[in-house]
Amino acid sequence: MRTLDFPIPDPAAQQASEQLAQRIAQRIREAGGWIGFDAFMQAALYEPGLGYYSGGAVKFGAAGDFVTAPEISPLFGACLASQCAQWFEQVPARIFEFGAGSGALAADLLGELARLGHAGVEYRIVELSGELRDRQRRTLHERSPALASRVQWLDRWPDEIEGVVLANELLDAMPARAFRLRSGQVFERGVGLDEAEVQTSAPAPGDGHASRGAASAALSSGPRFAWRERLADASFEATVRARLAGPITAAGEAWPDDYESELAEQAQAWVVEAGRRLRRGAMLLIDYGFPARELYHPQRRMGTLMCHYRHLAHGDPFVLPGLQDLTVHVDFSSIAQAGADAGLDLLGFTSQAALLFGLGLIERLQQIPLEPAADHLRRTQGVKRLISEAEMGELFKAIAFGRGISGDAIGFLRSDRSAGL
Ligand SMILES: C[S@@+](CC[C@H](N)C(=O)[O-])C[C@H]1O[C@@H](n2cnc3c(N)ncnc32)[C@H](O)[C@@H]1O
């Protein structure tokens with residue numbers, strides 16, 4: 001049995017994780033032994049008080065499980081401020097940030113917008129997690145005490161949005177369904193209970209993830225979960241086949257066999273919902289992912305589900321439910337389609353590096369003081385992570401939509417890959 005080398009959580013965290021595992025296990029039993037992966041992911045991330053985002057996990061930064069662009073460099077938010085400032089020439093100076101994490105992006109944006117002459121901007125945050133709301137408040141009071149009063153937290157979606165909608169790494173955190181193609185058939189991959197003993201933990205028939213099951217078994221004394229597949233219902237099968245048909249034809253390959261991936265319908269639905277409420281304004285979404293042609297390329301056989309626990313990236317979603325982050329890459333073609341379904345104009349699609357260059361990253365970088373040298377090095381290295389092709393620069397993409405916005409968005413002037421969606 002191969003076990004992942006996981007740092008062991010403290011007893012309180014472990015107890016919370018076991019409580020969540022019991023709750024999910026109960027749901028699986030009540031549902032007759034199987035729940036969809038989207039239901040598992042929903043509970044693991046958002047179960048009130050116990051899910052990864054709704055519970056007490058540190059999440060972001062060095063002491064957490066992963067870092068996001070606003071945590072890496074304040075120049076990320078400063079660059080986005082330039083894009084917002086351009087849009088504010090046509091729409092009310094109001095930002096709606098969805099999933100604001102630690103609040104770092106809000107603090108950086110407010111600071112830079114004030115510098116650019118938009119000190120009066122209204123900032124609204126829609127955040128599912130109560131724990132993160134508190135953290136956002138603290139960050140804003142510490143980093144931008146003079147501007148913190150501009151921020152309001154909304155308990156529900158605004159009925160109408162006029163202004164700019166922003167979300168960084170929101171869509172990848174939305175629950176997705178998982179599937180496998182095998183022998184010409186489409187199976188939905190869901191979650192069942194692994195009733196075997198810890199030492200004899202075995203994968204489900206046809207499941208290639210023995211090491212993943214073993215890893216989760218080794219860490220938990222509570223219920224253990226395992227992948228279980230069943231034939232997809234007609235509607236899910238049709239959606240999967242339709243989503244994959246284009247990429248497979250484009251690659252000139254046969255329909256793949258033993259191929260797994262995910263379908264993030266909730267991310268699409270979110271864009272439709274946000275788009276319908278956007279009366280006048282723009283929406284900028286940044287996340288990691290690809291156009292469908294690349295995401296569902298026949299050679300990407302293992303899907304994109306990723307789990308993060310204390311900066312260890314791995315593929316076992318069943319380890320320590322509620323204590324690790326689960327994500328799937330974003331299918332930007334389906335996101336573009338969702339925007340079109342909501343009647344929005346596509347304003348651009350490009351890599352994070354190209355977006356930041358277009359929004360004045362180099363000019364801002366040149367303003368970082370050379371002394372103290374250690375600070376200069378740290379700050380420039382953070383920027384390098386944002387733009388390096390080997391790190392976030394190419395994997396992360398930005399997509400923008402608008403309603404009632406004329407002219408080109410400056411972030412997409414240098415490079416616009418919309419034609420590849
Ligand atoms: C991966 S984190 C990214 C946080 C932050 N944007 C950053 O870049 O550091 C995902 C965030 O989205 C929030 N979230 C997930 N689904 C949401 C939804 N439907 N509405 C609002 N926030 C949501 C989570 O609570 C969390 O704050």
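We number each residue from 1, following the sequence as shown.
The main-chain N or O of Thr350 is never found under 3.5 Å from a side-chain atom of Ser415 such that the two would form a donor-acceptor pair. With hydrogens and angles ignored, the 3.5 Å screen pairs no side-chain donor or acceptor of Ser17 with any backbone N or O of Ala13. A donor-acceptor pair under 3.5 Å is absent between the side-chain atoms of Arg135 and the main chain of Gly101, judged by distance alone. Remark: the backbone N or O of Gln185 is not paired with any side-chain donor or acceptor of Ser183 at under 3.5 angstrom. The backbone N or O of Val121 sits less than 3.5 Å from a side-chain atom of Arg150, completing a donor-acceptor pair. Side-chain atoms of Glu262 come within 3.5 Å of backbone atoms of Thr304 as a donor-acceptor pair (strictly under, hydrogens ignored). Asp233 places a side-chain N or O within donor-acceptor distance of the main-chain N or O of Ser235, the cut-off being under 3.5 Å. Using modelled atom types, one side-chain atom of Arg364 and one backbone atom of Leu359 make a donor-acceptor pair closer than 3.5 Å. Here the side chain of Asp287 pairs a donor or acceptor atom with the backbone of Asp172 at under 3.5 angstrom. Between the Asp416 side chain and the Gly348 main chain, no donor and acceptor come within less than 3.5 Å of each other.
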Applying side chain to side chain donor-acceptor pair (under 3.5 Å), run through Gln152 and Tyr123 and close with a yes or a no. CA-CA 6 Å; Gln152 282 177 17; Tyr123 208 102; over 6 Å; no
Trace of the side chain to side chain donor-acceptor pair (under 3.5 Å) decision for Gln337 with Asp341: CA-CA 6 Å; Gln337 184 57 51; Asp341 292 346; 2.9 Å; yes
Test side chain to side chain donor-acceptor pair (under 3.5 Å) on Ser129 and Ser54 and set out the steps. CA-CA 5 Å; Ser129 156; Ser54 35; over 6 Å; no
Using side-chain contact (heavy atoms from CB on, under 4.5 Å), reason through Ile72 and Val383 one step at a time and then give a plain yes or no. CA-CA 8 Å; Ile72 292 173; Val383 171; over 6 Å; no
Might you work through the side-chain contact (heavy atoms from CB on, under 4.5 Å) test for Asn168 and Leu284, ending with a clear yes or no? CA-CA 8 Å; Asn168 185 59; Leu284 178 61; over 6 Å; no
Please report the C-alpha distance between Glu237 and Arg241 in whole Å, then the side-chain angles of each, then the deciding distance to 0.1 Å, and finally whether the salt bridge (charged side-chain N to carboxylate O under 4.0 Å, His left out) criterion is met. CA-CA 6 Å; Glu237 172 172 0; Arg241 287 191 188 280; 2.8 Å; yes
Thr327 and Tyr288: side chain to side chain donor-acceptor pair (under 3.5 Å), yes or no, with the steps? CA-CA 10 Å; Thr327 77; Tyr288 42 99; 2.8 Å; yes
Please evaluate residues Phe225 and Phe40 with respect to the criterion ring-ring contact (aromatic ring centres under 6.0 Å, His included), reporting the C-alpha separation (whole Å), side-chain torsions for both, the decisive distance (0.1 Å), and the verdict. CA-CA 10 Å; Phe225 305 104; Phe40 178 86; 5.4 Å; yes
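Side-chain contact between Phe332 and Phe290 is absent, with no heavy atoms from C-beta onward closer than 4.5 Å. Looking at Leu113 and Phe88, their side chains come closer than 4.5 Å, going by heavy atoms from C-beta outward. Residues Phe37 and Pro175 are not in side-chain contact: their nearest non-hydrogen atoms beyond the backbone lie 4.5 Å or more apart. Between Leu285 and Leu170, the closest side-chain pair of non-hydrogen atoms is not below 4.5 Å. Using a 4.5 Å heavy-atom threshold, the side chains of Tyr52 and Asp65 count as touching. Side-chain contact between Cys79 and Leu355 is absent, with no heavy-atom pair separated by less than 4.5 Å. Annotation: side chain of Val126 is not in contact with side chain of Asp155 (no heavy-atom distance under 4.5 Å). In this structure, Arg94 and Pro92 have side chains that are in contact, with non-hydrogen atoms separated by less than 4.5 Å.
Residues Glu18 and Gln15 have side chains that never bring a donor and an acceptor to within less than 3.5 angstrom of each other. Residues Ser102 and Thr139 bring no donor and acceptor atom of their side chains to less than 3.5 Å of each other.
Scanning both residues, His376 and Pro369, for their nearest heavy atoms gives CD2-O, 3.2 Å. Pairing each heavy atom of Ala176 with each of Val328, the nearest pair is CB-CG2, 3.8 Å. Residues Arg293 and Gly420 share a closest heavy-atom pair of NH2-O, 3.3 Å. In terms of heavy-atom proximity, Val186 sits nearest to Leu231 at O-CD2, 3.7 Å. Nearest heavy atom pair, residue Leu323 against residue Tyr309, reads O-CD1, 3.4 Å. Nearest approach of Asp194 to Ala226, heavy atoms of both residues: CB-CB, 3.9 Å.
In this structure, Arg189 forms a cation-pi arrangement with Trp227, its terminal cationic atom sitting closer than 6.0 Å to the ring centre and no more than 45° off the ring axis.
Salt bridge status for Arg300 with Glu253: absent, with no side-chain N to carboxylate O gap under 4.0 Å. The pair Arg23-Glu47 counts as a salt bridge, with a side-chain nitrogen and a carboxylate oxygen less than 4.0 angstrom apart. A salt bridge does not link Arg133 with Glu127: every distance from a Lys NZ or Arg NE/NH1/NH2 to an Asp or Glu carboxylate oxygen is 4.0 Å or more. One finds no salt bridge joining Glu30 and Arg27 here, because no Lys/Arg side-chain nitrogen approaches an Asp/Glu carboxylate oxygen to under 4.0 Å.
Considering CH2 of Trp87 and CE of Met283, their distance stands at 10.0 Å, rounded to 0.5 Å. Taken to the nearest 0.5 Å, the OG atom of Ser351 stands 10.5 Å off from the CD1 atom of Ile387. Rounded to the nearest 0.5 Å, atoms CG (Leu105) and CD1 (Ile95) are 8.0 Å apart. Taking CG from Asp325 and CG from Leu45, the interatomic distance works out to 6.0 Å, rounded to the nearest 0.5 Å. With rounding to the nearest 0.5 angstrom, the OG atom of Ser144 is 7.5 Å from the CG atom of Asp108. We find the CG-CD distance between Leu365 and Glu363 to be 9.5 Å, quoted to the nearest 0.5 Å.
For the side chain to side chain donor-acceptor pair (under 3.5 Å) test with Glu188, the passing option among Arg230, Arg180, Arg177 is Arg177; the others fail.
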Distance-only donor-acceptor hits, side chain of residues 273-281, under 3.5 Å, sequence neighbours excluded:
unit_1	atom_1	unit_2	atom_2	d
Glu273	OE2	Arg277	NE	2.8
Glu273	OE2	Arg277	NH2	2.8
Arg277	NH1	Pro158	O	3.1
Arg279	NE	Glu160	OE2	2.9
Arg279	NH1	Arg276	O	3.1
Arg280	NE	Glu162	OE1	3.0
Arg280	NH1	Gln90	O	2.9
Arg280	NH2	Glu162	OE1	3.2

Check: residues 243-251 side-chain donor-acceptor pairs under 3.5 Å, at least two apart:
unit_1	atom_1	unit_2	atom_2	d
Arg243	NH1	Asp331	OD2	3.2
Arg243	NH2	Gln268	OE1	2.8
Thr249	OG1	Ala245	O	2.6

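Relative orientation of the Phe98 and Trp157 rings is tilted, given thresholds of 30° and 60° on the angle between their planes. Taking the six-membered ring for Trp and thresholds of 30 and 60 degrees, Phe66 and Tyr53 have ring planes more than 60 degrees apart, a perpendicular arrangement.
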